[in-house]
Peer 1: 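Below you will find the structure I want to go over with you.
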Amino acid sequence: MTVTATTVALDTVVEAGDGALVTVPAGGRLQIVDLHGNQAVDTLFYDAHDIDNRYSAFDTIREQRAVFLTTGSRLVSTRRDELAVITDDTCGRHDTVGGACSQESNVIRYGEFTRHQHACRQTFLRYGAKVGIGQRQLTHNVNFFMNVPVTSSGGLTFEDGLSAPGKYVELTASRDLFVLISNCPQVNNPCNGWNPTPIQLLGWW
Amino acid sequence: MIAHAHEIPGDAAWSAPVRAGRTITLTALADGANASMLIIGADRLDRLNIPDTLKSQMSARIKPGMVLMSDRGLALATVTASSLDWHDCLTGAFPSRLLLLELIKHGFGETDLHACINFFSKVAVADDPRASLAFIPDHAHAGDTVTLRADQDLLIFISTAPHPLSDEPAASVAVQLETPANVKDPDLRDEAVRALRLTRELIG
Ligand SMILES: [Zn+2]
């Protein structure tokens, strides 16, 4: 943690289906606000000085011995370095098992008619390109505000969100980070309440 | 016909190409064995995608009758049989040193690490608000098996390091690659059937 100032460094709206690449310095706080409720925000984290040191969903799950993310969750990398900590959360829990939608996985799940619908992995590739994040660098993301119940019998479903207008999650960067965001355009399942909506990003550093 | 057989000692790693149509059978040679597997597809870019595999088949575990899917929505392999109905895929492998070295041998690197399957291991999920996890120590026993059918040319990477949440000693795992007469599809969900059909149309 090297930054303690609380200047508003970022205040922007990401439209439904759009994305963003945000550089957050160590100690910086990033708040993602679900402006209209039930909006999945697919997010990846990379060490800004070494993008191979990137978020690992399943190392994060194992280290906290729990599937869902919330306040106190440490987001760790494939090297088990701490990339960020969830320091505030008014939603309650977030998914990191469900991954991002893609044109290809939409075809498998919903059929050929979805082949040319916009999808999160298109957004990741578009916004990641400027810092060298390409197909090989993509990994399994966090889905803020998304509800993917996992059960003791080993089942998994996508359900209507637990979020509501104005709910937010706040992350504090443990090192300099690239935060790659896709504000999910999915309309074929309830992850966005069947209606993708804008989100707000607020940053202090 | 058995094409190739190998015994991976505990706490070791092994990798091999597997041609489309061949089967891969892993056998636990001691209680508490673990085989963490990564898979890379025929084009050397398309990798196993655990989230897509799980969400398209409504499962939080790997079990027989599932297709292991790639980033690009293709079938990598089909789990055709197993003596166990739960193989962990939610808790990764750590340290990844053993798997990473095998990746490097094939020209890959750290950026190609992806979520693995921990064959023979079970991490139970609680029905509590955070879906808490607990490693199940007495899950796999000597003689337990799992068989995959390669649905395209694959590179497979296996580490026999103990599951990262296990206290048990490392155990050996036998690998057998076979060229069988056509292996029929098991009962599959429609999503899995679509992935197999696309794979056969595009690169079959
Ligand atoms: Zn999406």
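Residue numbering restarts at 1 for every chain, and letters A, B, ... go by the order of the sequence lines.
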Peer 1: Quick check on Ala93(B) against chain A: is it the side chain, the backbone, both or neither that has a heavy atom closer than 4.5 Å?
Peer 2: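 Interface part for Ala93(B): backbone (N, CA, C, O).
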
Peer 1: Check whether more than 12 heavy atoms from other residues, nucleotides or ligands sit under 6.0 Å from atom CZ of Arg115(A), and answer yes or no.
Peer 2: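 Yes, because the 6.0 Å sphere around CZ of Arg115(A) holds more than 12 heavy atoms from other groups.
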
Peer 1: Tell me, for Ala115(B) versus chain A, whether the close heavy atoms (under 4.5 Å) come from the side chain, the backbone, both or neither.
Peer 2: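 Contact with chain A: backbone and side chain both.
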
Peer 1: Atom CZ of Phe94(B) and atom CZ of Arg62(A): how far apart are they, to the nearest 0.5 Å?
Peer 2: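 So the gap between those two atoms works out to 7.0 Å.
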
Peer 1: Side chain from CB out, backbone as N, CA, C, O: work out which of these in Ala57(A) comes under 4.5 Å of a heavy atom of chain B, or both, or neither.
Peer 2: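 No part of it gets close to chain B.
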
Peer 1: Answer with side chain, backbone, both or neither: which region of Ser153(A) has an atom nearer than 4.5 Å to a non-hydrogen atom of chain B?
Peer 2: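 Just its backbone gets close to chain B.
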
Peer 1: Do Arg109(A) and Arg194(B) have side-chain heavy atoms sitting under 4.5 Å apart?
Peer 2: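 No. Closest side-chain heavy atoms not under 4.5 Å.
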
Peer 1: Side chains of Asp71(B) and Leu138(A), heavy atoms from C-beta outward: is any pair under 4.5 Å?
Peer 2: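 The answer is no, as the side chains (C-beta and beyond) never meet within the 4.5 Å cut-off.
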
Peer 1: For Leu113(B), is it the side chain, the backbone, both or neither that has a heavy atom under 4.5 Å from a heavy atom of chain A?
Peer 2: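 Both parts, backbone and side chain.
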
Peer 1: Is the number of heavy atoms from other residues, nucleotides or ligands under 6.0 Å of Arg200(B) CZ greater than 12?
Peer 2: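 Count over threshold, so yes.
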
Peer 1: With chain B, which of Ser56(A), Gly92(A), Ala100(A), Pro149(A) has the greatest number of heavy-atom pairs at distances under 4.5 Å?
Peer 2: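 Result: the option with the highest number of such pairs is Ala100(A).
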
Peer 1: Would you say Arg54(A) and Thr111(B) are linked by a side-chain donor-acceptor pair, where the criterion is simply a distance under 3.5 Å?
Peer 2: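 There is such a pair (donor and acceptor under 3.5 Å, judged by atom type) between the side chains of Thr111(B) and Arg54(A).
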
Peer 1: Could you check if a side-chain atom of Arg136(A) sits within less than 4.5 angstrom of a side-chain atom of Leu45(B), using non-hydrogen atoms only?
Peer 2: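 A side-chain contact exists here, since the closest heavy-atom pair is under 4.5 Å.
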
Peer 1: I need the Lys55(B) NZ to Cys101(A) SG distance, nearest 0.5 Å.
Peer 2: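 Rounded to the nearest 0.5 Å, the NZ-SG separation comes out at 6.5 Å.
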
Peer 1: Rounded to the nearest 0.5 Å, how far does CZ of Arg72(B) lie from CD of Gln135(A)?
Peer 2: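 With rounding to 0.5 Å, CD (Gln135(A)) is 6.0 Å from CZ (Arg72(B)).
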
Peer 1: Given Val67(A), which partner from the list Thr91(B), Leu133(B), Val123(B) fulfils the side chain to side chain contact (heavy atoms under 4.5 Å, CB included) test?
Peer 2: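 Answer to the side chain to side chain contact (heavy atoms under 4.5 Å, CB included) test with Val67(A) among Thr91(B), Leu133(B), Val123(B): Leu133(B).
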
Peer 1: I'd like to know which of Pro164(B), Ala126(B), Ala134(B), Ser70(B) tops the heavy-atom pair count under 4.5 Å against chain A.
Peer 2: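 Heavy-atom pair counts peak at Pro164(B).
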
Peer 1: Would you mind checking which part of Ser102(A) comes under 4.5 Å of any heavy atom in chain B, side chain (CB onward), backbone (N, CA, C, O), both or neither?
Peer 2: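 Just its side chain gets close to chain B.
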
Peer 1: Answer yes or no: is there a side-chain heavy-atom contact under 4.5 Å between Leu198(B) and Glu112(A)?
Peer 2: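 With C-beta onward as the side chain, the pair touches.
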
Peer 1: Where does Gln64(A) contact chain B at under 4.5 Å (heavy atoms): side chain, backbone, both or neither?
Peer 2: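 Contact with chain B involves the side chain of Gln64(A) alone.
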
Peer 1: Answer whether the closest heavy-atom distance between the side chains of Val125(B) and Thr151(A) falls below 4.5 Å.
Peer 2: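 No, every pair of side-chain atoms sits at 4.5 Å or beyond.
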
Peer 1: For Cys89(B), is it the side chain, the backbone, both or neither that has a heavy atom under 4.5 Å from a heavy atom of chain A?
Peer 2: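 Cys89(B) touches chain A through backbone heavy atoms alone.
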
Peer 1: Atom NE2 in His114(B), atom OG1 in Thr139(A): separation rounded to 0.5 Å?
Peer 2: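 That separation rounds to 9.5 Å.
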
Peer 1: For chain B, which of Asn189(A), Leu156(A), Thr157(A) has the most heavy-atom pairs under 4.5 Å?
Peer 2: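 Of the options given, most contacts go to Leu156(A).
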
Peer 1: Which atoms of Ser96(B) are under 4.5 Å from chain A, going by heavy atoms: the side chain, the backbone, both sets, or neither?
Peer 2: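 Only the side chain of Ser96(B) comes within 4.5 Å of chain A.
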
Peer 1: Taking Arg130(B) for its side chain and Phe68(A) for its backbone only, find out whether a donor-acceptor pair lies under 3.5 Å.
Peer 2: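 Checked: pair present.
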
Peer 1: Sort Pro129(B) into side chain, backbone, both or neither according to what part of it lies under 4.5 angstrom from a heavy atom of chain A.
Peer 2: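 When you check distances to chain A, only backbone atoms of Pro129(B) fall under 4.5 Å.
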
Peer 1: Say you draw a straight line from CD1 of Ile108(A) to CE of Met69(B); how long is it, rounded to the nearest 0.5 Å?
Peer 2: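 That separation rounds to 6.0 Å.
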
Peer 1: As an exercise: rank Asp112(B), Ile50(B), Asp128(B) by heavy-atom pairs under 4.5 Å with chain A and give me the winner.
Peer 2: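 Highest number of pairs under 4.5 Å: Asp112(B).
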
Peer 1: How about Asn49(B) and His140(A): do any of their side-chain heavy atoms sit closer than 4.5 Å?
Peer 2: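 Sidechains of His140(A) and Asn49(B): in contact.
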
Peer 1: Heavy-atom distance under 4.5 Å to chain A: side chain of Arg47(B), backbone, both or neither?
Peer 2: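 Only the side chain of Arg47(B) comes within 4.5 Å of chain A.
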
Peer 1: Considering non-hydrogen atoms only, spot the tightest contact between Ala60(B) and Gly155(A) and give its length.
Peer 2: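 Result for this residue pair: CB-O, 3.8 Å.
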
Peer 1: Measuring only between side-chain heavy atoms, which start at C-beta, is Phe58(A) closer than 4.5 Å to Leu90(B)?
Peer 2: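 Yes, side chains in contact.
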
Peer 1: Could you tell me whether Asp52(B) and Arg121(A) make a salt bridge, using a distance below 4.0 angstrom between a side-chain N and a carboxylate O?
Peer 2: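 Salt bridge present between Asp52(B) and Arg121(A).
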
